[in-house]
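Note sheet for the following structure.
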Amino acid sequence: MTTSRRRYHITTFGCQMNKADSERMAGILENMGFQWSEDPNNASLILYNTCTIRDNAEQKVYSYLGRQAKRKQEEPDLTLIVAGCVAQQEGEALLRRVPELDLVMGPQYANRLEDLLEQVFNGNQVVATEPIQIVEDITKPRRDSTVSAWVNVIYGCNERCTYCVVPNVRGIEQSRTPEAIRAEMAELGHQGYKEVTLLGQNIDAYGRDLPGVTESGRHQHTLTDLLYYVHDVPGIERIRFATSHPRYFTERLIRACKELPKVCEHFHIPFQSGDNDILKAMARGYSQEKYRRIIDTIRNYMPDASISADAIVGFPGETEAQFENTLKLVEDIGFDQLNTAAYSPRPGTPAALWDNQISEEVKSDRLQRLNHLVATKAAARSERYLHRIEEVLVEDQNPKDSTQVMGRTRGNRLTFFKGNINQLKGQLVKVKISEIRAFSLTGESVI
Ligand code: SAH
Ligand code: SF4
Ligand code: F3S
């Protein structure tokens, strides 16, 4: 027991927001004197940072939790925490399901972990899911990478896509101030980080909730303004941002990306479906024609920009013909990468209640067909890299070949080449591409 004293373990499920939250919560725990333990069984505090975007994501956490709840019956000093989106969705119901839990905390409470733990250590079982203002982080996050970092710019989402739990679990949009964002980036640059990804569920909404409008009636703080404002932070060589929403995507933003050398030519703009009636039922607020126009405009400014997206198959009522419109969009646009998923009905969302649900067989058949097309198109997109010289930011050793290092091109393609990680970590290296695969590249460094 004493050997496992004050060691903590975090398992993170879900998206980049959750990963960023986990890094901040880890920072808070280390500040409180806890030490990281890779093995949860050696930890006296275990935190599951959870995701509920689809049912299978949610179910995963229950099986992890079951094991540790059992362990707690023998080790009553074990502190068990469920944070993140399942915590927010289930709240008190989680305590009834797993009475061994000490703390259930929604994503808005990540920065308040220390206060919540104080209540726990005073003997309380705590549920923190009331909507609150997200406080600025004062402790240093414990980041996984020393090269590339996430920086939240806006929390929450005010959209109401009919399939999606995110607005329910992440709450309303809350933008951080440009000053706070720049200060975090400056600190990162100072620590030697080279790349920053600005994060928001709907990053185009950045600034809408901050005070100030321009003379023309535009919000003073937009994502585009933010990019100009943070662009010259010393040390930071690359800036990325995600996730873009087609409804709010502007040409001004595209121009800024072209103009600002540090902003990478990579756009992640989920389209969800290539069919206008399905898009309408999803309440996405754009048509497939508008989506195509956005991509055309990007390619007009930057012909080589990489484009990635998310798509859902088997949304309630989706016919074979409507699904084929999604295939057609994917065929025409040629994404560099596409995250695909079968529709999963989520509690508290409108579409889950509709009576035109699609069978699991049809969903998985469509998913397979779409994935096959995605891989074919991605392989074709990779071809443009062959024999070209790409700039790669080295992040790590290749886990499968210690003579190689790996990193990403500006377009976000994973790239391997021969080299020593101790010399190259964090360096921007020119790499001549000699081998291509659908989602990764191999090359040689050139001097
Ligand atoms: N804010 C982003 C994405 C958030 S969730 C956006 O607006 O695009 C990440 C992805 O999960 C979504 O893009 C969508 O493709 C998928 N997703 C969300 N809810 C889902 C559901 N109920 N079933 C299947 N996939 C879902
Ligand atoms: Fe979900 Fe839509 Fe918000 Fe994205 S924009 S997080 S899909 S509600
Ligand atoms: Fe999952 Fe929550 Fe992200 S539901 S996808 S972890 S916002």
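Source: prediction; values computed, not measured. Position 1 is the first residue of the sequence, and the numbers go up from there.
- At a threshold of 4.5 Å between non-hydrogen side-chain atoms, the residues S440 and F416 count as touching.
- Taking 4.5 Å as the limit, some side-chain heavy atom of R67 sits within range of a side-chain heavy atom of S63.
- Taking 4.5 Å as the limit, some side-chain heavy atom of E58 sits within range of a side-chain heavy atom of E90.
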Checking Y228 against H231 for the ring-ring contact (aromatic ring centres under 6.0 Å, His included) test, could you report, in this order, the C-alpha distance in whole Å, the side-chain angles of both residues, the deciding distance, and whether it holds?
CA-CA 5 Å; Y228 282 105; H231 190 261; 7.8 Å; no
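- Contact between I154 and I203 at its shortest, heavy atoms only, is CG2-CA, 4.1 Å.
- No side-chain donor-acceptor contact under 3.5 Å links N31 and R142.
- Annotation: the span from L117 atom CG to L47 atom CG amounts to 8.5 Å, rounded to 0.5 Å.
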Please determine whether side-chain contact (heavy atoms from CB on, under 4.5 Å) holds for the pair E30 and Q35, giving the CA-CA distance in whole Å, both sets of side-chain angles, and the decisive distance to 0.1 Å.
CA-CA 6 Å; E30 301 222 333; Q35 257 186 351; over 6 Å; no
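- Between I46 and the options I81, L78, T11, a side chain to side chain contact (heavy atoms under 4.5 Å, CB included) holds for only L78.
- Among pairs with a residue in residues 116-157, none fulfils ring-ring contact (aromatic ring centres under 6.0 Å, His included), at least two apart in sequence or across chains.
- S22 and T12 make their closest contact through OG-OG1, 2.8 Å (heavy atoms, listed as atom of the first residue, atom of the second, distance).
- Between E237 and K262, no side-chain nitrogen of the basic residue sits less than 4.0 Å from a carboxylate oxygen of the acidic one, so the salt-bridge criterion is not met.
- In the displayed structure, Q133 atom CD is contacted under 6.0 Å by at most 12 heavy atoms of other residues, nucleotides or ligands.
- Among residue pairs with one or both ends in residues 108-117, those qualifying as side chain to side chain donor-acceptor pair (under 3.5 Å) are R24-N111; sequence neighbours excluded.
- Taking a 6.0 Å sphere around CD of E136, one finds it holds more than 12 heavy atoms contributed by other residues, nucleotides or ligands.
- Residues R381 and A305 come closest through the heavy atom pair NH2-O, 3.2 Å.
- In this structure, R284 forms no cation-pi arrangement with F271, as its terminal cationic atom is not both closer than 6.0 Å to the ring centre and no more than 45° off the ring axis.
- Across every non-hydrogen atom of K194 and G235, the tightest pair is CD-O, 3.8 Å.
- Of all heavy-atom pairs between P178 and L210, the closest is CD-CD1, 4.1 Å.
- Judged as a ring-ring contact (aromatic ring centres under 6.0 Å, His included), and not counting sequence neighbours, F241 has no contacts.
- Y301 has its side chain within reach of T297: a pair of non-hydrogen atoms, C-beta onward, lies under 4.5 Å apart.
- Applying salt bridge (Lys or Arg N to Asp or Glu O under 4.0 Å) to R143 and the options E195, E184, E187 leaves one that passes, E184.
- In terms of heavy-atom proximity, T50 sits nearest to A83 at OG1-O, 2.7 Å.
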Enumerate donor-acceptor pairs with a distance under 3.5 Å from any side-chain N or O in residues 404-411 to protein atoms, sequence neighbours excluded.
| residue | atom | partner | partner atom | Å |
| --- | --- | --- | --- | --- |
| Q404 | OE1 | N398 | ND2 | 2.8 |
| R408 | NH1 | N412 | O | 2.9 |
| T409 | OG1 | G411 | N | 3.2 |
| T409 | OG1 | N412 | N | 3.3 |
| T409 | OG1 | R413 | N | 3.0 |
| R410 | NE | E265 | OE1 | 3.0 |
| R410 | NE | E265 | OE2 | 3.4 |
| R410 | NH1 | P261 | O | 3.3 |
| R410 | NH2 | P261 | O | 2.6 |
| R410 | NH2 | V263 | O | 3.2 |
| R410 | NH2 | E265 | OE2 | 2.9 |

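- Sorted by first and then second residue, the ring-ring contact (aromatic ring centres under 6.0 Å, His included) pairs involving residues 17-56 (not counting sequence neighbours) are Y8-W36, H9-W36, Y48-Y64.
- Applying the side chain to side chain donor-acceptor pair (under 3.5 Å) test to every pair with at least one member in residues 91-101, sequence neighbours left out, gives these pairs: Q73-E100.
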